Every structure is written in C-alpha cells, then in structure tokens.
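Remember, it's a predicted structure, so these values are computed and weren't measured experimentally. These values consider heavy atoms only, across backbone and side chains, with no hydrogens, waters or symmetry-generated copies. Chain letters run A, B, ... following the sequence lines, proteins first and then strands; every chain starts at 1.
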Amino acid sequence: MFETRLKVILIILAFAGAVIAARLFDMQVVHAEDYEEQAEDALLLPVQVLPAIRGRILDRTGKELVSDEPCWEIQVHYDALAVNTSGVRAWYRRAPEPKPELSTKEEQEQWFRSRIDSMWSELALVSGEPEADLRARGAEICDRVQLIRHQVAQRRKFDSPVLEEKIAHAVVTGLNDQQQVAARLALAPWPWVSVEDATQRVYHAGPAFAQLLGRMGPVTAENTENDPFADDDRRCYLGSERLGITGVERVAEPLLRGSRGRYRENRRGAVLEDIDAEPGQDVHLTVRADLQAALYQLFEEQIDGLPFSTGGAIVVLDVKSRDCLALVSYPGYDPNRFQEDYEALRHDTRRLPLRFRAVANQYAPGSIVKPLVCLAGLVTGEISLETHFECAGSLFPEHPDKWRCWPNQAGYRMHHGSLDVPGAIKHSCNVFMYHTGQLVGVERLTSFFDMAGLGRTTGTGLLEETSGINPTPSWLEQNRNMSPTIGLARLYAIGQGEVCATPIQAANLMATYASGAYAKVNLVAEQRDDRKWELPGTATQWAAIRRGLYGVVNDSDGTAHRTAYIDPDCGYYLCGKTGSAEVSSPWVVSYSFKYVDADEKEHTELIHASTKNDAIADFVRSHPGAALDYRDIEVAETWPDRPPEHGRRHSHAWFAGYLDPVAPGGGPDLSRTPPIAFAVLVEFGGSGGRVSAPIGRQVALKILDLLGPELNEERREAPAPKPAREAP
Amino acid sequence: MKRPVYALTQPGWAIVLAVLVLLGGGIASILASNTVPVGRTTAPSEVFAIKQAVIALVSACCGVVILRVGYLRIARHAYLIFGACMVLLVPMIVAKKLGTTLGGLVPASRGAYRWIELPGFQLQPSELMKIGYILALAWYLRYRHNYRRFSGLLLPFLISLVPMAMILAEPDLGTVLLFFPILFGMLFVAGAKIKHLLLIIALGLACVPVLWMKMHPYQRSRVVAVALQSESLRERMVKNPKKYAFTGFDRRDVMEWEVSSGMQLVRSKAALGSGGFLGQGWGHGTYVEYNFLPDRHNDFVFAIVGHQWGFVGCLVVLLCYGVIVVAGVEIATVTAEPLGRLVAMGVVSLIAAQALINLGMTVGLMPVTGMTLPFVSYGGTSLVTNFIAIALLVSVSQHRPFMLAKKPFEWQKAEARSQPA
C-alpha cells in the first residue's frame, strides 16, 4: 500500500517532468529559430531618438513669425542632477583618464559628489550664467521628473523608475557653434555631461506678437497623463521635451509638433531602423503681420501721452470671413528675452505686460452695446422706428441726479431732447436706453446679448480667452444671488453693471452690427469655423441702426465726429460707436505686509501682486520664517492713484467701428456688407470719444493704407483711368 | 544479506553523483558569463564561482557531519530545531512591521526583509525553516494513528500555517508555496485518505480569490504575466482595456510589457530557445557573451544552461533531479523506520518542488516566484539547506532497519486482522 502510494508520487513527478521536457522540446527544437531571432534582437542597441523640428507659425501672407533655429545644448544625465549614487560604479568606469584609483563604493561615491560640484562651476564658466541659476534649473528638472514618477506610480499602483530618470536633460540651451565646441572640450572630463544638437524657438516678430504667439515650456506630468498621442512612440511627449503652453503655440500644438525619428543598430554594426524625423506642420494665422506691427506702434505712440492708461487692445476683423487680421495687446514684451526678463515682467503689476488683454481681460462694454439694445427693442416690438423718447438729462425729471444721461454732469446740465433710434445711437443717449431697457427687461435683453456673442468665447481656441459675462437671470441667480430688476435692465442697457466683454468680443460685436449675423472668429487658418447665425431684425430696422452708427462719426453732432471723421474720398466711411465704461474700483498693484521676523523685530514689506492670494504666496515663499497676522495685510498701492480730471470716476475708453463703402451717389451704402470691423480699447483712457476715437481713426487709416487694394477688389469696376498725355 | 553501507550500489552514491553534476553545471554556468549582476551593476563572475565552490565544500562537510551523527539523533530535537528557526524568523517580521533595517541587521530589498546580515555572509532563515519544518512534521507524524481521519489532518495543517504566516510576513510568497507540496507529500505517504486531502485542496482553492485580493499588485502582475506571454492575448487586452481591468494592468503596461515587467521572462525564454538542440557551447551565445539576462546566476540559471548546452543539457539536468527523486523514493521504500520514510519523502518533495517550480518559471509555465534551482543556482543559504536535506536523505539510507517493531503503514492488513475471522 505504501509502495503504491510511492509509485503514485513517482508517476505524478514523472508527469510534471515530462511536461517540462515537452515544453523544452517545443522551445528548443521546434521553435528554435524564433528564439534565435529573439536572441539576435537582444543584441540591439537602444533606440536613438532623432528630435523633430517644430513647425513655424506664419502670418496670413506667409511671413515667418516664429521658427525653430538650430543650436546646441548641454545635457546632464539625471543621475548627476539628482545625485543618485546607485549607478556610481558604471559612471566611474566611463570616466576618462586620468582618474584616481578607487575601488570601494564609498570612495567612488565621494568622487562622484565632488565631480558633480566641480561640474556646476564648469558649466557656469562655459555658459556664462550664474552657478546658482544653473543649480536651480537642475533642481527644477528633478522636481518635475519626480512628479512624473509619482503620477505614474499612482496610476500603476506600484512605484518603479520612469524613463525620464534614465536620460539626460538639457540644462543650458542656445549655444552657437563656437560655444558648443568650447563646451565640448571643457566638459569632456565629466562622463554624464554631453553636448547635443537641438533647436531653439526664435521669435522674429517682436513684442507686437508676444502674447499672441505664446511661449514654450517644459513637459509636465499633467501633459504626459493627458497626451492624445500616448500610444504613438514617435509623437508622445517625453519628459525632456518642451511644448507650447500659451497662445497660438498651444492652440496649434498638435499641428506644430512633428514626429521624432528612430535610429537603431545592433552591436554587430548592422543598421536595423532608420526612420527620419518628420518636421511639424507650418501653421498660418489669419493675422497680417504688417498691420499688427503698425497698430502696435501706433498704440505705443499714443498711449504714452495719456496720464492714467496702463495698456489697451486693438482687434481688427474681416467681417465676411471673421478672420482676425490684427490682435494687438499693449504692452507686450520681447519674447526672445522672456527667460531673462521673467521676474521683472512678473513684478510689473501696474502695466501687467504678460496679460493678453485683447482676449483675456474683460471690461464693461459701455455704450458699445447700445445698438444691440435698440435692436432688442425693435425686434421684440417694445419700440418701433417711429418711437421717440425725450431726454431731459435724466430718466425721471423730478430726480435730476438719478439715472442721468452722460452730458448731464456737474456744471453742464445738457440734454438731448427728443430722439429716435438712429439719433439715440448717434448721440449715445442714456435716457433712451433706460426706456428701452426697462421695456425689454433683463431676460430678453440678455438673450439678445447672447445672440451677439457676449458671454461666449469667440472661437479662437486660445487658452487665455475668457468668455466675458452675460448676466442672464439664471447667471444672476447662480453667481450673484440676485433676481432681475428694472434697475438692472437699465444698467445693462447702457452697458454697465455685470455685463463684461473682451476687446475681441467687442470687435466681433461690431462685425455683427455690420453684417447682421454672428459668426466665430478665425485665428488659425487650419482651424476655421465658418458657421453663421443670422440675427433677427428686418432690413429697415437694421438700416436704422446702421444709420445711427454712420451718424456717430459722420454727422456733425455725432459723439465721434470731431475726433474720428475720415474723408470718404478714400472710398469708405468710418462708422462706429464710442463707449466710456465706468470703472467701479481701481486695480490693486501691491500689498503691504506687517510681520515679525525670527528676531522678534517688526518689519513692513511691500509685495507686488494683483491678487491677495498671489501676494500671500509670494510673501510666504520669500520670508519663510516670518510670523504673519493675516489681518495686517493691507492694500498699499492701487492704480489709478488719483481721481480723473473730469468727472468722479475713471473709465475705460472704447471705440468700435467698421468701414462702410461709399455708395455711388454719396452717402453710406447700406446694402453692402462692410468689409472690415475693429475695436479699440484704452484702459483708464477716460472718454471713448476723446481718447479711443482718434486712435480708431488712425487705425482706419492704417487699414486703408495697408489693406486698401484688397478691400477694393469687391467694388464695382473703378472708372477708367484718364489716358496719359502724349509726349510732345 | 545486508549490503555494506558504503557499497557503490547504494542509492546514496547515485544521489551524490547527481548533486555533483548539478553543482558542476551551476558553477560552469556562472563562469560562462563574464559578469554577474550585483544590485544595479555587475561584478566579475570568477568571484562568484569561487564563492559557490567554497560554500559547496563547507556544506559538504556539514553533510558528512550529519551522516556521521545520523538523522535519528538529529530528529530527536526536531521541535527544538523548529522553534530555533521560528526565533530566527522573528527579526524579519519585526523589521517589516517597523519598516527599519534594525541597524543593518536585516537589509531591505525592495520592501522585503529576508536576510540577516552576519559578518562575512548572509543568512536566510526561511530556507532553514524548510529543514526544521520537515523534521518537525516527520517527528509529529511518525507514530500517529489518526492520520486516517480528517481531524488528524487538521492539526498538521494548522501547525504548518504558523511558519507559513511568518514567512509570508517578510514577505516571501515563493518560499511559502513550497510548504504545500512538502505537507501534502508527507501526509500522502503517511497514509491520509485521498478524499481528505482532496477536500483540503478544494478548501485551499476556495481561498484563492481572497488571496488574489490581498496580493500585492506586482505579485498579481507576475501571475498574469504567465498569460501575457501570448501575443494575441496582449493585443486583445490593448484593444479592450476595460474588459481586462481586473487583472490590474492598463494599456500602457501591456504594450510595454515585453520591455518592462515581462523582460526577464522574455529573455529567459529566448535564451533557452536559442540554445537549440545542442546548445551554443560553453561560454558562447549572445546571452552569455553580452550578459543580457538579469538574475542569470540564481533564479534564471537554467536559461543559461539551456542556452549553452541546449536541449541535451536540459535533459541532463532533468535527469539528475530524476535520479535524486527516484533514489529518494527507493530509500523510502526500503526503509521500514517510519521517521526515516517521512524524512525521505519530505526531502524528495522539497527538492522536486523547488526544481519543478524553478523550471516551470524559466520556461514560462509558472509565474515568476524567485525560487532557486537546487544545487545549480548561486545562493549561500539555499545551497547549504539543500545539502543538509540531501545529507538527511542519505543518512536515512544508511540506517539499519529495526527488526523488532511492527511494520508501520500496513493499515489495511492490520484492519483486516482485527476483524473477527
């Protein structure tokens, strides 16, 4: 019995052995060639990755705005950046002679650390940058890679080293040929430092385009997590690369990014894989570089003369296609010097040069929305083309100081008299708008605002773009816990209150007035959106509104006549609308902090920041040991720092207009769509008519100057030129 | 006619010969690669070959001592030895719970605390536990009668759980897996009823889902990796990641499996397979010349054996283990002494299980567990342990059988005899 059981055990073990023998037979005899192939594959050297050249960004005419230029960079292996001593033996072996004879691990680790210290000094010498900066850059790279590792570990639920820890990272870029040769010679003794070819992004177009084109930054853990090309190993993001993070560089990132190449050979020297890198696609903007540069310069000249203004924006749109022909934001900065100037740019909290005002900043639109309010009144039937309202300087004659019209200020007490729709627009009469607004009501009024694109992004795709505010009743309830009242309706009718618009929305609004239809703005030619939404309103209603807009500039009593009139001999009338949007409170520039330091001494510090949270974060970072009472934080400086010369409050100055073709018999040709619309905003400029309108006039002249011939393409055939005189 | 103890026809010599062949193969494999991986870098292989030879010599001396003393005298202190091994395991568990290395006494390797660092060498108590376990279980079972009843099986089962739990706490899943074949082997030949054993196996299988949940993700990934060898399965997993999410793998891991977690297995199979029928020759072959296989000197040494000596070499290795097993079984048959039979079976189960698990892992039939190949792999404590086991086995073969006690394990005849005629 016992023997039987032993036999059973023998049989079981023999069976197991036979299974293994069978499997071995299968592997070693039947499939031997497959495994031989695999073994040969094992001789492969690791893949060499060939970086791709990033696509250029071109303007409408094909002029280069940004391109990749070749340069060299100094790369340091991650082991040296993080002082990771686990592979020290291998590094010691690869170090070139002469090197000290070291055999124990501790000695080699010491050698490793001291060599890394000397490496930083040498890098500082070679690159000309301060050693502390370089070390800080190295520490930043380590932080970034560790964050990537942490995120990957969270996803996989166990921790293991990531690829970025086994490669070299760029520490110094932008070396030219001479520098790179010198660097190679100087850095040869450090086996973990290498000089590789690379590209750097060069911006050819100057500060006019700085915010529009955007900038590049290093790939972060978030980018690798949400990478749309995670599966394609030639296109996925590597932790050592850079990608576009703001502006068009980011919008068009998938197009601009090319595919890396691969090169693989095995240890016996045979080349197995040789795929070239594919450069990225060039991206065309709808913007015209000459127009943008000219307008930026114009702004620069004009704004410096104004006492309170900190900046502004100009947006020019082609009405038919809604191509954005210029997207100027002032002030700009030199994008090629961004790294060096970053601290200074960040701390300039009065001018805020890093903000892309044209799409990111929202301001109360002021009188610019008045034509839209009139349209709302006409279409809903609350008013008609025959309606006249009497403006006596205020909405309620018995309360001359409440709900006033704008000419009714201390010392002026003027009023408009009886006005119809075009007249109200021409004179920008508040009282007319109050009447219309309270008849239409907040709900219907905001629905018209929505139809014209307020409260929605304009479709450029830019990350920085904000959508403005359209205070519909549900928005009011959710965000302000208010319900719509008549008072709000009146406020919105003059473009004040919660309503907010960005300069690009204002330009699109003007294009909507010009064409009668809303459409999305196109910035990148490869990402066009050509849908149109017609606004309601009959032809006569629209004609009345456009007559009003014509009158603003071209009638002798229009609000912008004195400052914005242009001679229609050029073939176009400038029509438009002024706006002065009151600013409720000045902007904060810096905060003062009273704190007690480690020695129990009291100090007061000034921190430049535009929000309290930013200021607190900056303070904590720069004063780690300080004890701070959060009640002791006060606003130190605001801008504007004193009240304006005229009136009680500051206001932003708007002028938005379009070029209306002259009809054959003179007068505006109200049947043809104007080709160009634009908007000008001057921050803290004061009155729209006085400040922005002259700038608008200059803008119109520049547009005619630069784009004139193209605009005339659609006109009927010009009269035949007179024959030249015969030479005697 | 009794055979003289040292005659060449004794099964002990066959075992010794097989062990020597395996040892030689192991040392030759180590020498064939130029370097041996140590941590993240490598060290020259001659050092390791010499170390292996020295340890083998020391273990052989231990073995000779055990032979002189005799297994009976050792087994008398079985419970003491078992207790001593458990005491040695305590520092591991303390270190793991506290998360420290106890001042360098217990070095950590990727979160596992498995060794005690003594001056000059490292001691792995879980290996010694195997010997202690075999001796203690054999001593317990030797004169029992209740092994025919289910309740009689529970106590051995429960006693085994204690060392298994301690080793699992290190954590060391691979060694724990060995205890099951030993336990079942010894119970099986002690005479437990088959259906009882099958019932226990069924209970154990029922616990597998619970075990699966409690397994560390990387352990789960090793188990799943056996299935991941099939390329078509990998493609299906990449296409429907949600369907296979329970395995704990996501798309990226599966796609790069061949070069990350599965790399060892893929290379081991490639090394084995590329050996062909006769192998690439000693010291030749891409895996040996270029030092590509990680763990080529301990866990995956069989891949190097196959790479150099091909199918023929692998069969020789299998044959050596076969010789050890058959000789061990024959020793158990011939010996009438119950303790000797149990010890012999325990040792055979130990060696056979280790060999099968490691071979299965190298060819890709079993998940990677970190089990070494007895006598071939480089490893201090495991070599010593296996030598002690073999010494006990040979010692059983040399023991003179008792003539005075009744024949044990003859339960059928005994029951028949106790029936009234």
Side-chain angles (χ1 to χ4, degrees), chain A residues 1-10 12-14 16-43 46 84-93 105 152 155-161 163 224 230-231 233 236 266-268, chain B residues 39-42 185 188-189 191 216-218 221 238 248 250-253 255 260-261 266-267 269-277 279 285-287 290 292 306-307 310-311 314-315 318 321-322 325-326 329 332-333 341 345 348-349 352 355-356 359-360 363-365 408-413:
Chain A
M1 189 61 191
F2 178 68
E3 282 83 2
T4 323
R5 291 212 163 183
L6 288 179
K7 283 204 192 95
V8 166
I9 287 194
L10 269 182
I12 293 176
L13 290 177
V19 164
I20 295 199
R23 171 80 166 171
L24 281 172
F25 185 78
D26 175 63
M27 281 171 68
Q28 288 176 314
V29 177
V30 174
H31 286 123
E33 278 112 31
D34 293 345
Y35 288 107
E36 283 245 16
E37 245 183 65
Q38 274 197 24
E40 286 287 323
D41 282 351
L43 290 177
N84 179 4
T85 54
S86 56
V88 106
R89 270 218 147 91
W91 288 119
Y92 172 72
R93 248 178 313 145
K105 186 140 193 246
V152 168
R155 185 170 50 86
R156 287 190 186 170
K157 302 202 183 51
F158 64 91
D159 192 22
S160 62
L163 173 67
T224 45
D231 296 336
D233 63 353
C236 64
N266 75 6
R267 285 161 209 262
R268 301 218 174 115
Chain B
R40 263 176 153 219
T41 58
T42 58
F188 186 64
V189 299
H216 217 256
Y218 79 88
S221 75
V238 167
D250 68 7
R251 291 181 83 223
R252 195 107 188 236
D253 297 330
M255 275 164 49
S260 65
S261 45
V266 166
R267 286 200 181 170
K269 283 170 56 186
L272 258 181
S274 55
F277 194 71
T286 47
Y287 277 88
Y290 294 105
F292 272 158
H307 191 55
F311 186 60
C314 296
L315 280 186
L318 279 177
Y321 286 118
V325 163
V326 166
V329 168
T333 318
R341 281 189 163 169
M345 271 325 297
V348 164
S349 312
L356 280 175
L359 292 175
V363 303
L365 289 172
F409 303 122
E410 300 288 347
W411 51 85
Q412 262 195 344
K413 291 190 192 152

Engineer: Looking only at heavy atoms, what is the nearest atom pair of A/Gly17 and B/Leu318, with distance?
Structural biologist: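 Scanning both residues, the minimum pair turns out to be O-CD1, 4.1 Å.
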
Engineer: Between atom NE2 of A/His31 and atom CG of B/Leu272, what is the distance when rounded to the nearest 0.5 Å?
Structural biologist: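 Result: 14.5 Å between the selected atoms.
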
Engineer: Look up atom CD1 in A/Ile20 and atom OH in B/Tyr321, then write down how far apart they are to the nearest 0.5 Å.
Structural biologist: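 Output value for this atom pair is 11.0 Å.
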
Engineer: Roughly how far, to the nearest 0.5 Å, is the OG atom of B/Ser349 from the CD1 atom of A/Ile9?
Structural biologist: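 Output value for this atom pair is 6.0 Å.
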
Engineer: Check whether A/Leu24 gets within reach of chain B through its side chain, its backbone, both or neither, counting any heavy atom under 4.5 Å.
Structural biologist: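 Both the backbone and the side chain of A/Leu24 come within 4.5 Å of chain B.
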
Engineer: Is A/Arg23 reaching over with its side chain to a backbone N or O of B/Leu365, donor-acceptor style, under 3.5 angstrom?
Structural biologist: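 No, because the side chain of A/Arg23 does not come within donor-acceptor range (under 3.5 Å) of the backbone of B/Leu365.
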
Engineer: Contact between B/Val329 and A/Lys7 at the side-chain level, heavy atoms closer than 4.5 Å - yes or no?
Structural biologist: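 The answer is no; the side chains never approach within 4.5 Å.
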
